Every structure is written in C-alpha cells, then in structure tokens.
Amino acid sequence: MEEKKLVWHKIAEHINEIRFAENNIGIVEVAGKMICLAKYQDRVFAFAHKCPHASGFFIDGSIDALGSVICPVHGYKYDIRNGRNVSGEEYYLKNWPVEIREDGVYLGLE
C-alpha cells in the first residue's frame, strides 16, 4: 500500500489569527477546500466542514467533553482526532493533520 504524500499549506501566521466561534470551531479555505478547524485540549484539529451523513455544517455543531465533534442536524458524533464515528453509525469524517510551527500554522493535504 502506497503512503500518501502530504503537501503542507500555511493557513495562518499564528493560531490567534484563526477565527474560532464560541463552539471552538472555525472554517478555512485551503487549496479550494472548505475545512473546519477545532480547538480541543490546547491542540488544533482539521476535518471536513460537512457531516458525511446528511451534510450538516460542523461550523454550527459543537464539541463534547470527550473530543467528539457533533453534527447539528442529527447529532452524529465523530472523534476529532481520527474521524472515527463514535455514536454507532458507519460513517467516517475525513480529517487532516495540523502543525503549529515557529513560522505559522500548517495543514497537510494529500
């Protein structure tokens, strides 16, 4: 199995430049893709901006105490660390790595 090569995109000079809503979720456009960012336990995670089930927008969702992003439409939950569905359905939330470096915040895309 061939490992996917990541291309790192600088999305901000500093984490404070990213606008997060009260729910600790923000959205950025990277390489033509809309991607949600979430702050959880002093880390930043990146995942698809729409739920794979019914296309609810995660910008309107929430993050629970266990680190699951919750879709505002049907309440499906996904672990923001790995995209795994944790509410029992068979969906997977696409996610991407985020690195905070000395010179900025980067997101890795295939």
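All residue numbers refer to positions in the sequence shown, counting from 1. Because only heavy atoms are used, hydrogens play no part in the values below, and waters and symmetry mates are left out as well, while side chains stay in. On a predicted model such as this, the values are computed, not experimentally measured, just so you know.
- By the 4.5 Å side-chain criterion applied to Ile, Leu, Val, Met, Phe, Trp and Tyr, Tyr106 is assigned to a cluster that also includes Leu6, Trp8.
- Residue pairs satisfying the ring-ring contact (aromatic ring centres under 6.0 Å, His included) criterion with at least one member in residues 26-47, sequence neighbours excluded, are listed as follows: Phe47-Phe58.
- Atom OG of Ser62 is separated from atom CD1 of Ile25 by 6.5 Å, given to the nearest 0.5 angstrom.
- Applying the 4.5 Å side-chain rule to ILVMFWY residues, one finds that Val73 remains a lone member of its cluster.
- Atoms CZ and OG, from Arg84 and Ser68 in turn, are 8.0 Å apart once rounded to the nearest 0.5 Å.
- Residue Ile11 belongs to a hydrophobic cluster whose other members are Ile15, Ile18, Phe20, Val28, Val30, Ile35, Leu37, Val44, Trp96, Val98, Ile100, Val105, Leu107, Leu109, with links defined by side-chain heavy atoms closer than 4.5 Å.
- In terms of modelled atom types and a separation under 3.5 Å, the side chain of Asn23 and the main chain of Ile59 share a donor-acceptor contact.
- Under a cut-off of 6.0 angstrom, the local environment of CD in Glu90 is sparse, with at most 12 non-hydrogen atoms contributed by other residues, nucleotides or ligands.
- In this structure a side-chain-to-backbone donor-acceptor pair under 3.5 Å is missing from His74 to Tyr76.
- Cluster partners of Tyr92 are absent, since no Ile, Leu, Val, Met, Phe, Trp or Tyr has side-chain heavy atoms less than 4.5 Å from it.
- Legend: salt bridge (charged side-chain N to carboxylate O under 4.0 Å, His left out) pairs involving residues 48-67, not counting sequence neighbours, sorted by first then second residue: Asp64-Lys77.
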Decide yes or no on side-chain contact (heavy atoms from CB on, under 4.5 Å) for Tyr78 and Cys51, but give the supporting numbers first. CA-CA 9 Å; Tyr78 303 89; Cys51 180; 3.3 Å; yes

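- In this structure, CD1 on Ile80 lies 10.0 Å from CG on Asn95, to the nearest 0.5 angstrom.
- Every residue meeting the side chain to side chain donor-acceptor pair (under 3.5 Å) condition with Asn85, not counting sequence neighbours, appears here in chain and number order: Glu89.
- Listed here is the closest heavy atom pair of Cys36 and Ala48: CB-O, 4.2 Å.
- Counting only residues at least two apart or on different chains, no salt bridge (charged side-chain N to carboxylate O under 4.0 Å, His left out) pair has a member in residues 23-41.
- Rounding to the nearest 0.5 Å gives a distance of 10.0 Å between NE2 of His53 and OG of Ser87.
- Partners of Arg81 by salt bridge (charged side-chain N to carboxylate O under 4.0 Å, His left out), not counting sequence neighbours, listed by chain and number: Asp79.
- With sequence neighbours left out, Arg101 forms a salt bridge (charged side-chain N to carboxylate O under 4.0 Å, His left out) with Glu99.
- In this structure Glu17 satisfies the salt bridge (charged side-chain N to carboxylate O under 4.0 Å, His left out) test with no other residue, sequence neighbours excluded.
- For the ring pair (Phe, Tyr, Trp, His ring centres under 6.0 Å) test, residues two or more places apart in sequence or in another chain that qualify with His49 are Phe57.
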